[in-house]
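A quick note: this is a predicted structure, and the numbers were derived from the prediction, not measured. Lettering follows sequence order; numbering is per chain, from 1.
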2 protein chains.
Amino acid sequence: MALSIRGYAAQSATTPLAPHQFERRDPRADDVVIDILYCGVCHSDIHQARNEWGGSLYPMVPGHEIIGRVASVGAQVDRFKPGDLVGVGCMVDSCQHCAACTQGLEQYCKEMPTFTYNSTDRRDGLMTYGGYSERIVVNDKFVLRVPDGVDPKSAAPLLCAGITTWSPLRHWKVGKGHKVAVVGLGGLGHMGLKFAKALGADVTLFTRSPGKEGEARRLGADHVVLSTDPDQMAAVAGHFDFILDTVPHQHDLNPYLATLKLDGVHVLVGLVEPVNPPVHSGGLIFGRRSLAGSLIGGIAETQEMLDFCAKHGIGADVEMIGIQDINEAYGRMLNSDVRYRFVIDIASLKTAA
Amino acid sequence: MALSIRGYAAQSATTPLAPHQFERRDPRADDVVIDILYCGVCHSDIHQARNEWGGSLYPMVPGHEIIGRVASVGAQVDRFKPGDLVGVGCMVDSCQHCAACTQGLEQYCKEMPTFTYNSTDRRDGLMTYGGYSERIVVNDKFVLRVPDGVDPKSAAPLLCAGITTWSPLRHWKVGKGHKVAVVGLGGLGHMGLKFAKALGADVTLFTRSPGKEGEARRLGADHVVLSTDPDQMAAVAGHFDFILDTVPHQHDLNPYLATLKLDGVHVLVGLVEPVNPPVHSGGLIFGRRSLAGSLIGGIAETQEMLDFCAKHGIGADVEMIGIQDINEAYGRMLNSDVRYRFVIDIASLKTAA
């Protein structure tokens with residue numbers, strides 16, 4: 001018996017999101033059926049709804065920052081029971097046997113992970129639909145436990161914005177004694193500040209906008225550097241061990257690379273499609289610096305992050321919206337007018353659809 | 001009493017190199033005076049003699065791949081004695097107290113190392129002059145011991161081409177079980193093949209020129225990939241742990257980055273000044289790949305490399321020239337017409353100057 005589900009979908013690259021009814025597969029033995037409570041709104045939802053990366057599949061129900069309660073579980077599922085508070089991030093399946101998957105790095109699955117929406121299920125060939133909806137059916141290996149002490153609304157953005165910043169900080173072993181800079185103060189950047197601070201680093205925010213000092217400090221920054229001011233940039237030349245670059249649009253990396261110390265690493269997490277201006281070889285060679293990229297994070301490290309958040313009282317700063325506000329929210333996100341992540345209260349579907 | 005020394009110098013950016021007589025400082029208590037036997041000819045000699053990087057100081061006596069015998073030592077020097085076979089590379093001094101120097105990474109000295117030529121001595125303010133000459137006076141900490149079993153002619157290029165490829169291979173812990181690619185088959189590239197093979201890696205040469213298969217295999221390559229052939233490039237997508245890029249001119253890095261596996265690293269060692277075409281962020285993010293740079297190597301790791309070469313019977317493939325052939329040699333190097341490094345027999349100065 002297929003499940004009938006209400007949600008919001010884009011019907012094409014140029015139409016606003018609107019109410020949409022769709023069917024989901026009968027739960028398999030290893031599936032978890034989740035009643036969605038909250039869904040964060042990610043910049044990549046806009047890119048994909050509007051086909052800005054190409055290859056979008058319609059109708060598209062976006063949303064990959066999902067918090068909900070388990071409604072039912074398949075016969076083989078023993079990790080979850082009805083009523084459990086759980087999360088689903090950017091992936092709902094992967095090959096589970098390649099070198100990346102067996103290391104717990106499903107996001108780098110050699111056969112590509114099955115993404116939560118705008119993807120094709122690798123078992124039944126059906127399209128996947130995301131969290132702008134009342135329910136989702138997910139393989140239990142891709143379901144996260146939301147620990148006690150985490151606010152479920154603030155937890156939603158952890159499933160993408162959170163893990164995307166957590167994973168590189170952990171992979172490059174950022175901690176006490178490190179000088180870390182975060183570039184950009186949006187959904188990802190504000191999580192980067194919180195995590196870097198909680199991990200024990202000395203934290204700097206690079207920003208192009210004056211007046212963010214108070215906010216930055218509240219979120220965990222020890223210092224703020226205005227990247228448009230050559231004197232402030234010169235003062236931090238050769239200073240940082242690690243730069244977490246969350247900027248989602250084209251930007252010149254060379255001034256930031258110059259602020260890395262010996263063996264420093266500049267990691268891109270905020271942009272996938274744009275091509276930045278050329279990097280000067282000398283900026284890498286003098287100082288043995290690295291420019292790297294990092295994509296979301298694996299399932300095991302996502303659970304690690306959620307447990308860390310529970311222990312340290314960390315969540316995203318969110319602005320709650322009803323699902324009927326989603327198109328307006330997209331407009332505001334494109335103007336950077338959100339502190340720092342919109343989260344849809346899925347209860348609003350009852351009145352909206 | 002200043003030492004009077006014969007050599008070859010550029011008198012300006014546009015004049016050919018010609019005989020030159022200059023004076024060197026009286027040896028200090030921690031100096032070693034070296035009678036030069038051989039000096040390798042590095043691509044950077046041309047760049048600096050012709051002021052292609054800017055800031056060249058004239059008259060300039062190039063040469064930083066120096067092999068010679070100790071003529072005399074200062075009162076405080078106990079590591080060397082007259083007659084010892086020794087080497088001098090790209091540096092003759094550094095601050096010796098910054099974080100880089102105290103790690104044995106003098107090439108990244110925060111106050112900049114004193115380079116062997118085209119530099120200003122940090123103690124007496126005099127210009128430094130390099131190995132295209134019969135003698136050099138060097139602080140003993142920057143003198144390398146050439147172990148028994150190393151051919152002195154083949155050892156000269158180890159002091160720059162050798163250490164520039166050795167240092168990143170060691171820093172990124174290349175060894176057994178790794179798939180390594182070397183880009184470019186010149187002075188650096190041919191050393192990269194030899195070292196990567198001797199360290200136990202499975203070694204591939206990327207080349208734009210067909211017909212190098214035999215040479216590449218003789219030097220240590222297990223495989224050769226023609227980088228201009230899209231099919232050959234596609235066949236090695238996601239294949240390599242490490243790419244050692246020795247190409248000294250502008251080139252598109254994106255096709256090479258696509259051949260790295262998860263966590264793979266592409267290291268630039270061959271070029272300092274050129275700016276390559278933009279790197280696609282996605283090529284770094286999907287696969288958590290890194291683009292890095294590496295500059296020559298420290299003194300301790302240069303000694304380690306020389307000892308490794310003695311143990312494994314490794315030296316550069318060299319073509320010996322007289323110093324009077326240097327301008328012609330520069331022309332041939334610019335046409336990639338050398339297998340694989342010119343080395344000046346400094347005995348030729350007796351007849352040339």
Side-chain angles (χ1 to χ4, degrees), chain A residues 53 98-103 105 107-110 112-113 164 167-168 171-172 237-238 245 247-254 257 260-298, chain B residues 53 98-103 105 107-110 112-113 164 167-168 171-172 237-238 245 247-254 257 260-298:
Chain A
W53 292 343
C98 73
C101 285
T102 52
Q103 286 177 69
L105 297 169
Q107 75 274 32
Y108 302 117
C109 174
K110 197 159 186 180
M112 291 288 282
T164 299
S167 179
H171 177 68
W172 276 279
D245 186 335
V247 175
H249 48 71
Q250 223 179 54
H251 57 299
D252 184 1
L253 305 178
N254 295 294
L257 289 167
L260 287 173
K261 63 171 69 160
L262 177 61
D263 292 324
V265 181
H266 180 143
V267 178
L268 303 172
V269 296
L271 79 177
V272 174
E273 85 291 9
V275 173
N276 289 314
V279 165
H280 294 259
S281 318
L284 297 172
I285 289 174
F286 290 96
R288 198 162 57 185
R289 296 161 173 146
S290 296
L291 174 66
S294 179
L295 178 69
I296 43 177
Chain B
W53 292 343
C98 74
C101 285
T102 52
Q103 286 177 70
L105 297 169
Q107 74 273 33
Y108 303 118
C109 174
K110 197 159 187 181
M112 290 289 281
T164 299
S167 179
H171 176 68
W172 276 279
D245 187 336
V247 175
H249 48 71
Q250 225 179 53
H251 57 299
D252 185 0
L253 305 178
N254 295 293
L257 289 168
L260 287 174
K261 63 171 68 158
L262 178 60
D263 291 325
V265 181
H266 180 143
V267 178
L268 303 172
V269 297
L271 79 178
V272 174
E273 85 292 7
V275 174
N276 289 314
V279 166
H280 294 259
S281 318
L284 297 172
I285 289 175
F286 290 96
R288 198 162 58 186
R289 296 161 173 146
S290 295
L291 174 67
S294 179
L295 178 70
I296 42 178

| said: Taking side chain to side chain donor-acceptor pair (under 3.5 Å) as the definition, give me every residue that meets it alongside Ser167(A), ordered by chain and number, with sequence neighbours left out. | reply: Glu301(A)
| request: Kindly indicate whether the side chain of Leu262(A), heavy atoms from C-beta on, has any atom under 4.5 Å from the side chain of Lys110(B). | output: no
| remark: Under 4.5 Å to a heavy atom of chain B? For Leu268(A) that would be both
| How far apart are the closest heavy atoms of Ile285(A) and Tyr108(B), and which atoms are they? | O-CE2, 3.4 Å
| Of the listed residues (Ala292(B), Ser294(B), Gly293(B)), which shares the most heavy-atom pairs with chain A below a 4.5 Å separation? | Gly293(B)
| message | Report which part of Leu253(A) has an atom under 4.5 Å of a heavy atom belonging to chain B: side chain, backbone, both, or neither. | response | neither
| task | Dump the intermediate steps for side chain to side chain contact (heavy atoms under 4.5 Å, CB included) on Val279(B) and Val279(A), then the final yes or no. | result | CA-CA 8 Å; Val279(B) 166; Val279(A) 165; 5.8 Å; no
| Can you tell which of Val267(A), Leu105(A), Val265(A), Ile296(A) has the highest number of heavy-atom pairs within less than 4.5 Å of chain B? | Leu105(A)
| query | Do you know the tightest heavy-atom contact between Trp172(A) and Ser290(B)? | reply | CZ2-OG, 4.3 Å
| query | For Arg288(B), what residues pass the side chain to side chain donor-acceptor pair (under 3.5 Å) criterion, not counting sequence neighbours? | reply | His171(A), Asp263(B)
